[in-house]
Amino acid sequence: MKTLTIHQVYQALLTLHGPQGWWPLQNLASPYHPGDYSYPHTAAERWEIALGAVLTQNTAWTNVEKALQNLQQQGLSHLPAIQAVDETSLGQALRPAGYFRQKAKKVKILASFWPNFDRQRHLPLAEKRERLLALWGIGPETADSILLYAHQEPIMVIDTYTKRILRALGVLDAQANYDDWQQYVHQEFPRDYKMLQELHALLVAHAKIYFSRQGPATSPLMSIGKAKGKRADKF
DNA sequence: AACCAGGACGTGA
DNA sequence: TCACGTCATGGT
């Protein structure tokens, strides 16, 4: 079946939605503006991205924002405060983000690991990825989100939205696993962190509008490509 | 009132 | 490996 290339998808989404400019955290000193890929500049900003990557696991970003507001109000935005607070209290602040007991544990583990890891951010990508994956609570998507957005490493994030859109376009079959998806994108798309950030952010923005499980919207991508069906109905 | 949201882990086969 | 249950709050 004839399908769009990843690069064609990227160009189409860029025309449709414009530059996204992730990561969309709110507590940052220097917010991430579309077109500005020099961010993040400071250790505090890199930590906020890592924190947000854990909090948004299978969770709507609006709920993550509420949890981040709680942390700020309770003086728990910075790393030392999170390291000092007990897990139960941290969990209460994280309640709006869901899975609050698990996420409190995950955040405590990541917080103790982060300073040394961030200090060694010049280490090889593969080694850093292994170290992240060795942590309880950090899976492939969270690890790659941290590497791509906090450390500006050229690695693709594969989330449910990415798979949903690319599968609907007939890119890979249903039995592909995370590494299969990632290798495919890496083969077909420039290994450039700025472009990979935009590609992923654009896929998420597009999916929120046109690939929600409830919404009736029909994606313009489906008419550009030759994929059959207006939108994927089962994933 | 079910269903869903930018996953990851533990378990059993 | 891999499918399946579990974790949890807030919006639609």
Side-chain angles (χ1 to χ4, degrees), chain A residues 9-10 13 17 20-26 32 48-71 73 87-111 113 129-150 155-168 172-183 185 196-217 219 231-235:
Chain A
V9 171
Y10 173 80
L13 292 177
H17 305 292
Q20 296 303 296
W22 268 17
W23 184 272
L25 288 189
Q26 55 180 4
Y32 197 18
E48 282 208 42
I49 292 171
L51 173 62
V54 169
L55 295 185
T56 197
Q57 287 173 359
N58 199 38
T59 300
W61 184 256
T62 52
N63 289 353
V64 176
E65 290 180 326
K66 297 178 195 301
L68 290 173
Q69 286 175 7
N70 285 346
L71 291 178
Q73 288 171 5
E87 196 173 302
T88 304
S89 304
L90 179 60
Q92 290 308 309
L94 298 182
R95 283 189 78 123
Y99 311 110
F100 64 91
R101 296 182 189 88
Q102 290 192 350
K103 284 180 178 174
K105 181 186 290 186
K106 294 177 182 182
V107 169
K108 289 292 287 183
I109 292 172
L110 182 62
F113 164 88
R129 190 171 193 268
E130 283 184 17
R131 291 195 187 185
L132 284 169
L133 290 177
L135 298 180
W136 188 88
I138 306 293
E141 188 197 329
T142 306
D144 292 337
S145 293
I146 292 171
L147 291 166
L148 176 61
Y149 290 104
I155 189 166
M156 182 60 182
V157 175
I158 306 295
D159 55 28
T160 56
Y161 286 156
T162 301
K163 286 186 278 193
R164 201 174 291 177
I165 292 180
L166 296 184
R167 187 176 296 155
L172 279 189
D173 52 8
Q175 59 188 12
N177 62 27
Y178 188 97
D179 293 331
D180 296 331
W181 285 98
Q182 190 177 56
Q183 286 175 25
V185 174
L196 288 166
Q197 285 183 359
E198 266 308 329
L199 174 63
H200 173 242
L202 284 165
L203 286 166
V204 172
H206 190 75
K208 282 181 174 174
I209 301 173
Y210 296 107
F211 284 79
S212 125
R213 296 206 183 205
Q214 311 201 109
S219 164
R231 52 187 296 264
D233 23 2
K234 281 292 182 187
F235 312 103

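Quick caveat, the model's predicted, so the values are computed rather than measured. Reminder, nothing fancy here: chain letters follow the sequence lines and each chain counts from 1.
- At dG7(B), one or more side-chain N or O atoms of Thr160(A) fall inside 4.0 Å of OP1 or OP2 (strictly under the cut-off).
- Side-chain atoms of Gln182(A) do not come within 3.5 Å of backbone N or O of Ile155(A) as any donor-acceptor pair.
- Distances were taken from every side-chain heavy atom of Phe100(A) (C-beta onward) to each of dG11(C), dA8(B), dT9(C); the shortest belongs to dT9(C).
- Using a 4.0 Å heavy-atom criterion, one finds that Leu203(A) contacts no nucleic acid atom at all.
- Here CG of Leu202(A) is found 7.0 Å from NE2 of His17(A). Values are rounded to the nearest 0.5 Å.
- For Arg164(A), the listed nucleotide lying nearest its side chain is dA5(B); candidates were dT9(C), dA5(B), dG7(B).
- Contact record, Ala97(A) with Lys103(A): O-NZ, 2.9 Å, taken as the closest heavy-atom pair.
- With Glu141(A) contributing its side chain and Tyr178(A) its backbone, the two residues share no donor-acceptor pair below 3.5 Å.
- Checked by atom type and distance alone, the side chain of Arg164(A) pairs as donor or acceptor with a backbone atom of Phe211(A) at under 3.5 Å.
- Picking from dA5(B), dC9(B), dT9(C) the nucleotide with the shortest atom distance to the side chain of Ala60(A) gives dA5(B).
- Put simply, CG on Asn58(A) is 14 Å from C1' on dG11(C), counting in whole angstrom units.
- In this structure, CZ of Arg95(A) is placed 17 Å from C1' of dG11(C), rounded to the nearest angstrom.
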What N/O pairs connect the protein and nucleotides 2-5 of chain C at under 3.5 Å? Give each pair on its own line.
none

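- Taking the P atom of each, dG5(C) and dC4(B) are spaced 15 Å apart, rounded to whole Å.
- In this structure, the CG atom of Asn70(A) is 13 Å from the P atom of dT9(C), given to the nearest Å.
- Side-chain proximity of Pro96(A) to the nucleotides dT9(C), dG11(C), dG10(B) is greatest for dT9(C).
- Nucleic acid contact class of Leu133(A) (heavy atoms, under 4.0 Å, all strands): none.
- Tyr99(A) comes within contact range of at least one nucleobase, with a heavy-atom separation under 4.0 Å.
- Residues Lys105(A) and Trp136(A) come closest through the heavy atom pair CD-CZ3, 3.4 Å.
- A tilted orientation is assigned to the rings of His200(A) and Tyr149(A), their planes being inclined by 30° to 60°.
- Between Ala201(A) and Gln20(A) the shortest heavy-atom distance is CB-CB, 3.6 Å.
- Distance, Leu55(A) CG to dA5(B) C1': 14 Å, rounded to whole Å.
- Contact annotation for Gly98(A): base contact, defined as any heavy-atom pair under 4.0 Å involving a base atom.
- Between Tyr178(A) atom OH and dC9(B) atom C1' there is a gap of 17 Å when expressed in whole angstrom units.
- Comparing dG10(C), dA8(B), dG7(B) by their nearest atom to the side chain of Asn63(A) picks out dG10(C).
- Residue Ile209(A) contributes atom CD1, which lies 15 Å from atom P of dA5(B) at whole-angstrom precision.
- For the pair Gln175(A) CD and dT1(C) P, the interatomic distance rounds to 15 Å; values are reported in whole Å.
- Looking at residues two or more places apart in sequence or on another chain, you find no side chain to side chain donor-acceptor pair (under 3.5 Å) involving Lys108(A).
- For the P atoms, the distance from dA8(B) to dG10(C) is 22 Å, rounded to whole Å.
- Contacts between residues 101-110 of chain A and DNA chain C, counted as heavy-atom distances below 4.0 Å, involve Arg101(A), Gln102(A).
- For the pair Ile158(A) CD1 and dA8(B) P, the computed distance is 12 Å after rounding to whole Å.
- Checked by atom type and distance alone, the side chain of Asp144(A) never pairs as donor or acceptor with a backbone atom of Val157(A) at under 3.5 Å.
- Between Leu172(A) atom CG and Lys163(A) atom NZ the span is 11.0 Å, to the nearest 0.5 Å.
- Distance noted for atom P between dT6(C) and dC3(B): 16 Å (whole Å).
- Of the two residues near DNA chain B, Gly137(A) and His200(A), the one whose nearest nucleotide lies more 5' is His200(A).
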